[in-house]
There are 2 protein chains.
Amino acid sequence: MSSIKDVAKAANVSTATVSRVLANHPHVRQEVRERVLAAVAQLEYRPNLIARNLRSQQSNTLGLIVSDIRNPFFTAVSRAVEDTAYAHGYNVLLCNTDENPEKELLYLQLMGDEQVAGVIFSPTLQTLNRFHELNLSFPTVLIDRSLRSGDVDAVLLDNVSAGYTLAQHLINQGYRRIGAIFGEASTTGRERQRGFEDALRDAGISMQPEYLRFVRPRSEAGHSTTLDLLRLPQPPEAIFTSNSLLTAGALQAIRERRLQMPEQIGLVGFDDTAWASLVQPAITVLAQPTDEIGRSATELVLQRVADPQRPTRKIILQGELIVRESSVEQRVRA
Amino acid sequence: MSSIKDVAKAANVSTATVSRVLANHPHVRQEVRERVLAAVAQLEYRPNLIARNLRSQQSNTLGLIVSDIRNPFFTAVSRAVEDTAYAHGYNVLLCNTDENPEKELLYLQLMGDEQVAGVIFSPTLQTLNRFHELNLSFPTVLIDRSLRSGDVDAVLLDNVSAGYTLAQHLINQGYRRIGAIFGEASTTGRERQRGFEDALRDAGISMQPEYLRFVRPRSEAGHSTTLDLLRLPQPPEAIFTSNSLLTAGALQAIRERRLQMPEQIGLVGFDDTAWASLVQPAITVLAQPTDEIGRSATELVLQRVADPQRPTRKIILQGELIVRESSVEQRVRA
DNA sequence: TTGAAAGCGCTAACAA
DNA sequence: TTGTTAGCGCTTTCAA
């Protein structure tokens with residue numbers, strides 16, 4: 001591997017001049033510039049990014065800390081983050097926390113050690129609550145979850161409104177007794193719950209506490225909780241789930257109990273996954289704009305890298321209700 | 001941020017001694033060691049990894065270059081790679097190539113610039129063919145795809161055998177005219193094709209060339225190609241797909257044509273995705289051991305980092321046939 | 001057992 | 001317009 005010294009020697013200039021040419025500094029004679037470029041090409045010189053980072057005290061790497069890469073929502077967002085980051089000349093360091101606050105702290109620390117330029121992060125409620133004590137040394141943009149009050153950049157779904165829309169849809173279709181399953185460790189679940197409850201209240205439906213569940217946002221929990229709900233003396237007529245893993249588990253439970261969808265039970269969830277339109281009946285979902293979320297978050301963090309002083313911003317995006325067959329008009333049902 | 005100098009000053013020793021303590025070098029007096037550690041704790045010192053990497057000429061980062069992070073197979077493998085890497089104190093730099101050879105080269109170059117310790121890579125056929133000309137400066141382990149002949153570390157499925165098993169299953173169930181859709185840019189598709197053809201030949205079934213398709217391994221292509229196949233004068237009785245995105249597309253096409261599975265058409269594919277058991281009828285698949293693939297690949301690359309001289313190894317893993325309802329005995333069919 | 005000092009490859013302040 | 005030089009934070013050789 002040739003270094004900047006080799007290039008300098010080959011072009012008969014100082015390393016400073018090589019550096020200037022590479023950084024496109026203005027005051028370099030055309031002839032010299034060409035000589036340097038020729039040497040660079042000749043030696044197949046590639047700058048050592050580690051050295052550059054050490055010297056400039058910041059790297060071209062962005063950290064991406066997600067709670068579960070197997071959740072299609074985060075997969076899709078990661079994809080968008082990755083694309084956008086590389087388009088801006090940044091790399092992505094990927095971390096997976098499994099909703100584990102200890103891992104979150106560990107990875108956050110790692111990001112500091114790696115001197116990343118910035119971080120995109122979907123935190124648990126626990127870490128969120130002590131977020132400001134953390135005193136992170138790098139710009140951070142939260143995705144999917146944040147506190148209303150917090151002075152942090154964030155890109156979020158309008159979860160209250162999304163929860164409202166989805167619940168309202170069920171109500172409009174004639175469902176009255178609605179069981180709802182939310183992720184327990186995030187703000188997202190709580191906000192969607194608020195929208196859900198608002199919709200019921202506005203429709204004059206009294207909420208039954210035993211219909212409301214907060215669980216680990218995984219398909220196993222979706223499965224067992226749905227079975228629980230269906231076992232109640234008066235089981236719900238529809239199931240509302242707050243992420244796609246929960247939806248999958250609920251669907252599995254409904255299948256096991258051999259209930260007809262949507263006649264005997266309705267089902268709705270979040271995120272327009274590949275399978276939501278593949279199963280029969282296809283599932284009604286509140287789709288999140290994952291590309292937009294990933295792209296906005298990346299741009300936001302890059303903007304803050306460029307200007308650390310700028311006031312924080314929260315970008316709130318709207319979801320889109322996609323009505324399919326898993327929830328359908330009451331009069332059509334039995 | 002305090003540096004090693006600050007610690008040295010606080011502990012009244014030289015930076016060399018601090019470095020020795022941190023690296024757990026033997027010849028340090030216990031008392032001095034404790035003083036240094038106390039200073040480290042006091043100052044909340046964290047070593048600057050960039051500086052460490054520059055000095056030691058290698059980093060604690062592994063590169064992971066996959067062809068499509070939205071393919072659940074790669075998502076699952078990434079997850080395993082990530083876990084294993086972090087368990088060994090390594091980070092993961094994630095790149096997505098979209099099966100684009102230019103992007104592959106770009107990212108490979110990036111890995112060199114970033115001085116990663118090693119790379120895990122699922123290459124296109126095109127890049128694979130010129131792999132040795134690339135003269136990569138870091139250890140590389142190929143996953144999912146490789147050349148039989150190549151002198152490269154790799155973790156692979158026994159694709160020929162997997163293709164054979166899956167095709168044989170269809171044959172055993174009584175299907176004779178079988179359409180098959182393979183990814184076009186990878187060795188994987190070709191090997192699975194070989195297994196597929198071997199199974200037909202062993203069963204004395206003559207292969208019809210128009211039943212064999214090579215396409216972009218995406219659901220859109222799976223969809224349109226399946227429609228094509230079904231439009232043939234003598235359409236196939238079953239569809240064999242060589243990745244889960246293709247399977248999804250095929251399923252969609254079958255739904256649109258309102259064909260009954262498995263009576264009017266059988267369907268099998270690769271990878272036990274979340275939805276394969278959720279759709280009805282559930283899909284028969286050849287499941288890959290994704291965790292094992294990711295873990296083995298990471299361990300392999302780390303072993304080579306430790307010993308660049310060791311002979312290359314190919315780890316060949318077996319898939320598992322999971323029979324579900326989308327393919328079923330002939331006598332049960334119409 | 002410890003410290004002084006060189007140097008990894010680069011950038012930028014300063015001087016010429 | 002270009003070069004000299006210091007130094008980013010760390011590890012390691014050599015000497016004491």
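Throughout, a chain's letter reflects where its sequence line sits, starting with A, and its residues are numbered from 1.
Bounding nucleotides for the chain A contact on DNA chain C, 5' to 3', at a heavy-atom distance below 4.0 Å, are C:dC8 to C:dA13. Contacts between chain A and DNA chain D, taken as any atom within less than 4.0 angstrom of a protein heavy atom, begin and end at D:dT1 to D:dG9.
For A:Asp83, the side-chain hydrogen bond (donor to acceptor under 3.5 Å, both in side chains) partners two or more places apart in sequence, or in a different chain, are A:Arg79. Applying the salt bridge (charged side-chain N to carboxylate O under 4.0 Å, His left out) criterion to B:Glu99, with sequence neighbours excluded, gives B:Arg145.
At distances below 3.5 Å, at least one donor-acceptor pair connects side-chain atoms of B:Ser122 with backbone N or O atoms of B:Ser67. Put simply, the side chain of B:Asp98 never gets that close to the backbone of B:Asn100: no donor and acceptor are under 3.5 Å apart.
Every pair passing salt bridge (Lys or Arg N to Asp or Glu O under 4.0 Å) that includes a residue from residues 19-29 of chain B is listed here, sequence neighbours excluded: B:Arg29-B:Glu31. For residues 82-136 of chain B, every residue pair satisfying the ring pair (Phe, Tyr, Trp, His ring centres under 6.0 Å) rule, not counting sequence neighbours, is listed here: A:Tyr86-B:Tyr107, A:Tyr107-B:Tyr86. Here side chain to side chain donor-acceptor pair (under 3.5 Å) pairs that include residues 1-14 of chain B, with residues two or more places apart or in two chains, are B:Ser14-B:Thr17. Pairs of residues two or more places apart, or lying in two chains, that qualify as salt bridge (Lys or Arg N to Asp or Glu O under 4.0 Å) and include a residue from residues 294-309 of chain B are B:Asp153-B:Arg304, B:Glu292-B:Arg295. For the salt bridge (Lys or Arg N to Asp or Glu O under 4.0 Å) condition, the pairs that include at least one residue of residues 36-56 of chain B, sequence neighbours left out, are A:Asp113-B:Arg46.
Less than 4.0 Å separates DNA chain C from at least one heavy atom of each of the following residues of residues 45-57 of chain A: A:Tyr45, A:Pro47, A:Asn48, A:Ala51, A:Arg52, A:Arg55. Within residues 16-24 of chain A, the residues having any heavy atom closer than 4.0 Å to DNA chain C are, in order of number, A:Ala16, A:Ser19, A:Arg20.
Taking the side chain as every heavy atom from C-beta outward, B:Thr97 and B:Asp68 never approach each other to under 4.5 Å.
Exactly one of B:Val7, B:Val32, B:Leu37 qualifies for a side-chain contact (heavy atoms from CB on, under 4.5 Å) with B:Val18. That residue is B:Val7.
In summary, the side chains of B:Glu104 and B:Thr124 do present a donor paired with an acceptor at a separation below 3.5 Å, with no hydrogens or angles considered. Side-chain contact annotation: B:Asn53 with B:Gln115, donor-acceptor N/O pair under 3.5 Å absent.
Applying the 6.0 Å contact sphere to CD of B:Gln42 captures no more than 12 heavy atoms from other residues, nucleotides or ligands. For A:Glu102, the CD atom is loosely surrounded, since the number of other residues' heavy atoms within 6.0 Å does not exceed 12.
Of the two residues near DNA chain C, B:Gln30 and B:Gln115, the one whose nearest nucleotide lies more 5' is B:Gln30.
Inter-axis angle, ends of the helix from C:dT1-D:dA16 to C:dA16-D:dT1, five pairs per end, rounded to 10 degrees: 40°.
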